[in-house]
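Remember, predicted model here, so these are calculated numbers, not experimental data.
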Amino acid sequence: MMDLTVTHKITQGMYVLTTEGGGCVVDAVSQVSGGDSPLFSVAVMKKNRTNELMRENSKFALSVLGVQGAGELIKQFGFQSSRDVNKFEGVAVTEVEGVKTLNDTLGYLVFEKVDAIENETHTLFIGRMIAGSVLNDEAPMSYGYYREHKEELLRVKTEKGQTAWVCTVCGYVYYGEELPEGYECPICSVDASLFVKKAN
């Protein structure tokens with residue numbers, strides 16, 4: 001038996017990963033060594049534009065999300081692709097070591113990329129921490145908190161008068177009377193069975 005919902009019990013945080021050209025929301029982040037320049041790993045889905053950007057760039061950052069006010073950042077960086085939009089538009093950022101970090105978060109860590117490990121669906125990028133700062137002391141958002149409060153955090157506004165199909169995993173909205181045959185979410189790659197129809 002394989003019940004993947006048990007992974008929702010893993011107490012990991014929620015972050016916005018940024019690098020030159022874009023970024024995305026991630027939760028699979030781990031500190032893998034200590035010392036003055038600790039190593040961290042972050043897993044990024046291969047289908048994401050951010051994965052391509054991480055391969056092209058030598059530095060990246062993680063901005064730590066808190067339980068307060070993170071919904072808009074999650075929608076901005078998690079519900080659309082850097083192929084289509086400038087995710088930094090309208091977002092307050094500070095450039096540190098040449099990488100944009102998000103101001104409205106609990107803090108940031110900046111890394112120099114040192115390695116990349118491939119598996120079937122994701123790349124595990126390894127970075128050495130070269131900068132970091134705490135911006136405020138509010139409670140960080142755990143993955144468990146995100147799962148429990150996802151509906152209120154990611155409340156999706158759909159356009160009046162149009163039929164919308166909303167991805168129940170990431171919140172992406174497709175407009176149309178029916179989903180195309182074989183449709184997959186362009187953000188998180190789930191199939192049409194995980195979309196719900198909302199008629200306005």
Looking at residues at least two apart in the chain, or sitting in another chain, which of them share a salt bridge (charged side-chain N to carboxylate O under 4.0 Å, His left out) with E184?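 In terms of salt bridge (charged side-chain N to carboxylate O under 4.0 Å, His left out), with neighbours along the sequence ignored, E184 is linked to K47.
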Could you grab the distance from atom [atom1] of [X] to atom [atom2] of [Y], nearest 0.5 Å is fine?
| X | Y | atom1 | atom2 | value |
| --- | --- | --- | --- | --- |
| E97 | S58 | CD | OG | 10.5 Å |
| Q68 | D104 | CD | CG | 13.0 Å |
| M54 | T123 | CE | OG1 | 9.0 Å |
| S82 | N51 | OG | CG | 11.5 Å |
| S30 | I126 | OG | CD1 | 9.0 Å |

Using only atom types and a distance under 3.5 Å, with no angle test, would you say the side chain of [X] pairs donor to acceptor with the backbone of [Y]?
| X | Y | value |
| --- | --- | --- |
| T18 | K100 | yes |
| S37 | R128 | no |
| K87 | S81 | no |

Can you find a heavy atom in the side chain of [X] that is under 4.5 Å from one in the side chain of [Y]?
| X | Y | value |
| --- | --- | --- |
| F77 | L17 | no |
| K197 | E178 | yes |
| L62 | V16 | no |
| Y146 | I74 | yes |

Looking only at side-chain N and O atoms, does N48 offer a donor or acceptor that is under 3.5 Å from a partner on T50?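 Per modelled atom types, T50 and N48 side chains form no pair under 3.5 Å.
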What I want to check is whether the side chains of N57 and E20 have a donor and an acceptor closer together than 3.5 Å. no
Is it the case that one hydrophobic cluster holds both [X] and [Y], taking links as side-chain heavy atoms less than 4.5 Å apart, direct or via other members?
| X | Y | result |
| --- | --- | --- |
| V93 | L65 | yes |
| M14 | V67 | yes |
| L106 | L73 | no |
| F88 | V85 | no |
| L39 | I117 | yes |

More than 12 heavy atoms of other residues, nucleotides or ligands under 6.0 Å from CD of E56: yes or no? yes
Q12 and A28: which non-hydrogen atoms are nearest, and at how many Å? NE2-N, 4.4 Å
Taking only residues two or more places apart in sequence or in another chain, which ones pass ring-ring contact (aromatic ring centres under 6.0 Å, His included) with Y15? none
Considering residues at least two apart in sequence or located in another chain, which fulfil the ring-ring contact (aromatic ring centres under 6.0 Å, His included) criterion with Y108? none
Aromatic contact, Y174 with Y183 (centres under 6.0 Å):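 Yes, the ring of Y174 comes within the 6.0 Å limit of the ring of Y183, centre to centre.
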E52 and R55 ion-paired at < 4.0 Å: no
Flag the pair E95 and K59 as a salt bridge only when some basic side-chain nitrogen lies within less than 4.0 angstrom of an acidic carboxylate oxygen. no
Going by ring pair (Phe, Tyr, Trp, His ring centres under 6.0 Å), F40 matches just one of F125, F60, F111. Which one?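 By the ring pair (Phe, Tyr, Trp, His ring centres under 6.0 Å) criterion, F40 pairs with just one of F125, F60, F111: F111.
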Take the angle between the ring planes of F195 and Y172 and call it parallel below 30°, perpendicular above 60°, tilted in between.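 Judged by the thresholds at 30° and 60°, the geometry between F195 and Y172 is perpendicular.
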